[in-house]
Amino acid sequence: MSKNFELMQEMAGAPPETAYGRESARVVVVESERDRSIARDSSEFDALAQQECSKLVQRIFLGQPDHFHTVVFAGIDRGVGCSRICVETARILAASTSGSVCLVDANLRAPSLPGFLGAPNHRGLVTSLLEDGEIRSFAKQLEPSNLWLLSAGTLDSQSPSLLNSDRLKLRLQELRKEFLYVLFDSPALNLYADALALGGFAEGLVVVLQADSTRRESALKGLQTLREARINVLGAVLNRRSFPIPNFVYRRL
């Protein structure tokens, strides 16, 4: 039996306890780009993954009465396509609603969202944590007009420590008031604690894995870490999958 299939069964059948009292873990299978390069043309990714990213938008943000507004995206390991999944989900969400959507590049280890979006990186999240001013003044308006980017901004070796600051808590509260939906791209779950810090302020977290790359042990370790931190796991994205998912697995989601 495929190790990926076994892993998806594990994730579909064992939703974690959450701080919100909802056992809401879902699995969303995404066929996406085969090249991780930011410079690669996005048309191939769109053709392969847009349908499944749309399902993610409907299930988490639009498809239920108590839908979520602040969500963290975190890869189990580095290089699983988390940033690209976060960007495409935000684009589809912005196109599907008139409400404002803000992408936050909270990966202060290796920020990449401006590269995907062709946007500048100046005056971003780090700047907002060090300077005064309304949070919207640090964000860039994109297309469609209800899509915004709060880039990471100029970084130094001390920047990641800002994710544990009291200032961050205040800025996150501002983001939730200013924008209807806020999506955070965070560093790899099994490498840093940044996703846990962000997940404690957000309503939940989407885990990103890569088929034939993410090890089962690594995925289960990451999920156990989230359970212990009482982070609400909203879904799991299996990126670059190349095997069929039986219908009974979808029925359990």
Side-chain angles (χ1 to χ4, degrees), residues 18-22 24 56-74 83 85-108 111 113-114 117 119-155 159-187 194-206 229-235:
T18 73
Y20 291 82
R22 282 175 278 193
S24 54
L56 185 67
V57 167
Q58 290 299 322
R59 291 176 179 178
I60 292 179
F61 297 102
L62 303 178
Q64 48 187 326
D66 57 342
H67 55 269
F68 302 94
H69 296 268
T70 55
V71 175
V72 176
F73 285 70
S83 298
I85 295 295
C86 186
V87 166
E88 295 302 324
T89 301
R91 282 173 167 164
I92 294 171
L93 177 59
S96 302
T97 178
S98 59
S100 56
V101 179
C102 185
L103 264 169
V104 180
D105 198 341
N107 187 344
L108 304 186
L113 299 195
L117 296 162
N121 187 39
H122 67 283
R123 285 182 57 80
L125 176 61
V126 169
T127 314
S128 75
L129 298 176
L130 299 174
E131 299 180 5
D132 294 329
E134 296 182 358
I135 192 63
R136 189 180 284 260
S137 69
F138 298 96
K140 295 88 176 171
Q141 190 172 18
L142 307 174
E143 292 293 336
S145 60
N146 61 331
L147 179 61
W148 295 73
L149 169 67
L150 182 61
S151 63
T154 304
L155 307 179
S159 296
S161 64
L162 294 172
L163 293 180
N164 292 308
S165 66
D166 291 335
R167 179 72 167 175
L168 177 67
K169 298 178 184 178
L170 296 175
R171 285 305 196 185
L172 294 185
Q173 290 174 4
E174 288 182 62
L175 283 167
R176 295 178 70 164
K177 292 179 181 178
E178 189 69 22
F179 301 98
L180 183 59
Y181 300 99
V182 185
L183 284 65
F184 300 90
D185 181 41
S186 73
D194 301 13
L196 299 181
L198 293 166
F201 299 117
E203 294 171 281
L205 183 145
V206 172
R230 298 187 66 79
I231 302 298
N232 193 14
V233 180
L234 303 178

Rounded to the nearest 0.5 Å, what separation is found between the [atom1] atom of [X] and the [atom2] atom of [Y]?
{"X": "L170", "Y": "Q173", "atom1": "CG", "atom2": "CD", "answer": "5.5 Å"}
{"X": "L147", "Y": "L142", "atom1": "CG", "atom2": "CG", "answer": "4.5 Å"}
{"X": "E203", "Y": "N232", "atom1": "CD", "atom2": "CG", "answer": "8.5 Å"}
{"X": "F61", "Y": "F68", "atom1": "CZ", "atom2": "CZ", "answer": "9.5 Å"}
{"X": "L150", "Y": "I135", "atom1": "CG", "atom2": "CD1", "answer": "5.0 Å"}
{"X": "Q58", "Y": "L93", "atom1": "CD", "atom2": "CG", "answer": "9.5 Å"}

For the residue pair [X] and [Y], establish whether any side-chain heavy-atom pair is separated by less than 4.5 Å.
{"X": "L117", "Y": "L103", "answer": "yes"}
{"X": "F179", "Y": "R136", "answer": "yes"}
{"X": "L175", "Y": "T70", "answer": "no"}
{"X": "F73", "Y": "L56", "answer": "yes"}
{"X": "I60", "Y": "Y181", "answer": "no"}
{"X": "L168", "Y": "L129", "answer": "yes"}
{"X": "V71", "Y": "T89", "answer": "no"}

[X] versus [Y], closest heavy-atom pair with distance:
{"X": "A106", "Y": "L163", "answer": "O-CD1, 3.8 Å"}
{"X": "P187", "Y": "A74", "answer": "O-CB, 4.2 Å"}
{"X": "S159", "Y": "T154", "answer": "OG-O, 4.3 Å"}
{"X": "R167", "Y": "D132", "answer": "NH2-OD1, 3.4 Å"}
{"X": "I231", "Y": "G200", "answer": "CD1-N, 3.6 Å"}

Residue pairs passing the side-chain hydrogen bond (donor to acceptor under 3.5 Å, both in side chains) test with at least one member in residues 137-150, sequence neighbours excluded, are K140-S151
Salt bridge between E174 and R171, side-chain N to carboxylate O under 4.0 Å?
yes
Okay, side chain of N121, backbone of P114: is any donor-acceptor separation there less than 3.5 Å?
no
Scan V101, L113, V72 and name whichever one has a side-chain contact (heavy atoms from CB on, under 4.5 Å) with L183.
V101
Would one find more than 12 heavy atoms of other residues, nucleotides or ligands at under 6.0 Å from atom CD of E131?
yes
May I ask you to check whether D185 and S83 show a side-chain donor-acceptor distance below 3.5 Å?
yes
